[in-house]
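Quick caveat: nothing in here was measured; it's all calculated off a predicted structure. We number each residue from 1, following the sequence as shown.
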Amino acid sequence: MAMVTALVSERPVVIFSKSSCCMCYTIKTLISSFGANPTVYELDEHPEGKQIEKELRGLGCKPSIPVVFIGEGLIGGANEIMSLHLKGQLVPLLLKANAIWVYLRNKLMALVTNLGAEKPVVILSKISCSIMAMVTRLGAEKPVVIFSKSSCCMSHSIKTLIYSFGANPTVYELDEHPNGQQLERELKALGRKPSVPAIFIGQELIGGPNEIMTLHLKGKLVKLLKKANAIW
């Protein structure tokens with residue numbers, strides 16, 4: 001374990017990743033979004049990648065990537081990071097490790113600005129009934145429907161998760177669908193920001209990645225898929 005220990009020493013955030021792994025990309029993007037600058041080791045490009053991967057497995061990391069260390073402590077993989085994020089505990093952990101400060105500064109500046117700002121005027125545009133009917137119809141066609149974009153790594157991660165349970169979701173890639181822009185506007189009107197991924201299970205809009213990961217971490221996603229007859 002000496003190699004992994006040396007690599008994470010005196011670094012606030014270290015991520016062991018693979019350049020081809022979409023879940024790794026998602027975790028790196030999430031942590032970077034708070035202003036952190038993690039040290040990233042791509043095991044498929046590192047000369048000692050196989051040895052590092054063996055050591056990570058020896059630490060109980062299965063799968064071996066992504067693996068995140070914060071403050072030189074092993075936090076875990078994607079599930080652990082998403083769980084901390086959904087509980088509002090990830091940012092405090094990054095702050096404690098002195099991994100971020102810009103994020104906190106920007107939050108304080110935004111708060112001061114908002115206190116002195118006038119209330120914004122919100123204009124809600126009308127969506128045609130035909131487009132409303134389209135999303136409703138598409139969402140009701142199959143037990144599981146995912147609105148996605150082919151270039152979206154988070155969409156790919158959610159699709160992979162649902163596939164892993166044996167479900168066969170109907171997927172609409174908005175960047176390839178002839179009515180993709182209209183569907184995207186409708187999804188935004190339904191409160192999906194960002195608009196993708198958006199998941200319907202049992203003809204109901206469940207939400208996006210946060211909602212799906214919350215259900216998964218609570219052990220409720222499989223039950224919901226079974227209830228919708230999406231898996232046996």
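- With contacts defined as side-chain heavy-atom distances shorter than 4.5 Å, the pair L161/L221 qualifies.
- Annotation for C21 and C24: closest pair SG-SG, 2.9 Å, computed over non-hydrogen atoms.
- Between K142 and N168, the closest side-chain pair of non-hydrogen atoms is not below 4.5 Å.
- Under the 4.5 Å side-chain heavy-atom criterion for Ile, Leu, Val, Met, Phe, Trp and Tyr, L174 and F200 are members of the same hydrophobic cluster.
- Here SG of C152 is found 9.5 Å from CG of D175. Values are rounded to the nearest 0.5 Å.
- Formation of a donor-acceptor pair under 3.5 Å by the T160 side chain with backbone atoms of H156 is found in this model.
- Few gaps surround CD on E45; more than 12 heavy atoms of other groups in view lie less than 6.0 Å from it.
- Taking SG of C22 as the reference point, atom CD1 of I27 lies at 12.0 Å (rounded to 0.5 Å).
- No side-chain heavy atom of V14 sits under 4.5 Å from any side-chain heavy atom of L7.
- Two residues are said to be in side-chain contact when any heavy atoms from C-beta on lie closer than 4.5 Å; V4 and L74 fail this criterion.
- With respect to F16, the side chain to side chain contact (heavy atoms under 4.5 Å, CB included) criterion is satisfied by exactly one of V40, V68, L56: L56.
- To the nearest 0.5 Å, atoms CZ (R185) and CG (L187) are separated by 11.5 Å.
- Rounded to the nearest 0.5 Å, atoms CD1 (I146) and CD (E173) are 9.0 Å apart.
- Side chain of S83 to main chain of E80: no donor-acceptor pair is present (N/O by atom type, distance under 3.5 Å, no hydrogens or angles).
- L86 and I70 fall within a single hydrophobic cluster, where Ile, Leu, Val, Met, Phe, Trp and Tyr are joined by side-chain heavy atoms under 4.5 Å apart, directly or via other members.
- No continuous path of ILVMFWY side-chain contacts below 4.5 Å connects Y25 to Y163, so the two sit in separate hydrophobic clusters.
- For the pair S155 (side chain) and S151 (backbone), a donor-acceptor distance under 3.5 Å is absent.
- Counting only heavy atoms from C-beta outward, the side chains of R192 and L205 approach each other to under 4.5 Å.
- Salt-bridge annotation for E48 and K54: absent, with no side-chain N of the basic residue lying under 4.0 Å from a carboxylate O of the acidic one.
- No more than 12 heavy-atom neighbours from other residues, nucleotides or ligands sit within 6.0 angstrom of CD on Q181.
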Please step through side-chain contact (heavy atoms from CB on, under 4.5 Å) for the pair V91 and L84, ending with a clear verdict. CA-CA 9 Å; V91 167; L84 287 170; over 6 Å; no
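- L59 is not listed as a side-chain neighbour of V67, based on a closest heavy-atom distance of 4.5 Å or more.
- Side-chain atoms of S64 and E53 form a donor-acceptor pair, as typed in the model, at a separation below 3.5 Å.
- Using a distance-only test at 3.5 Å, with no hydrogens or angles considered, no donor-acceptor pair links the side chain of E72 to the main chain of P12.
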What do the steps show when you test F165 against H216 for ring pair (Phe, Tyr, Trp, His ring centres under 6.0 Å), and what is the final call? CA-CA 11 Å; F165 298 119; H216 176 47; 5.7 Å; yes
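- Between the CG atom of L138 and the CG atom of N179 there is a distance of 9.0 Å, given to the nearest 0.5 Å.
- Here the closest heavy-atom approach between residue G139 and residue V145 is recorded as O-CG2, 3.9 Å.
- To the nearest 0.5 Å, the span separating OG1 on T5 from CZ on F69 amounts to 7.5 Å.
- Separation of the F34 and H85 ring centroids falls under the 6.0 Å cut-off.
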Under the side-chain contact (heavy atoms from CB on, under 4.5 Å) criterion, do M154 and V196 qualify, and how do the steps go? CA-CA 8 Å; M154 184 62 81; V196 296; over 6 Å; no
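- I206 pairs in a side chain to side chain contact (heavy atoms under 4.5 Å, CB included) with only one of the listed residues (V144, T214, I212), which is I212.
- S9 places no side-chain N or O within donor-acceptor distance of the main-chain N or O of A6, the cut-off being under 3.5 Å.
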Before you tell me yes or no, could you show the steps for K149 and E184 under salt bridge (charged side-chain N to carboxylate O under 4.0 Å, His left out), namely the whole-Å CA-CA distance, both residues' side-chain angles and the distance that decides it to 0.1 Å? CA-CA 10 Å; K149 285 187 178 180; E184 188 166 11; 3.0 Å; yes
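- A continuous path of ILVMFWY side-chain contacts below 4.5 Å connects L217 to I199, so both sit in one hydrophobic cluster.
- With a 4.5 Å cut-off on side-chain heavy atoms, M82 and N210 count as touching.
- In terms of heavy atoms, I100 sits closest to A36 at CG2-N, 3.3 Å.
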Could you walk me through whether E55 and K50 pass the salt bridge (charged side-chain N to carboxylate O under 4.0 Å, His left out) check? CA-CA 9 Å; E55 289 190 13; K50 290 184 179 180; over 6 Å; no
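- Inter-residue side-chain proximity for S32 and P38 is flagged as met; some heavy-atom pair is nearer than 4.5 Å.
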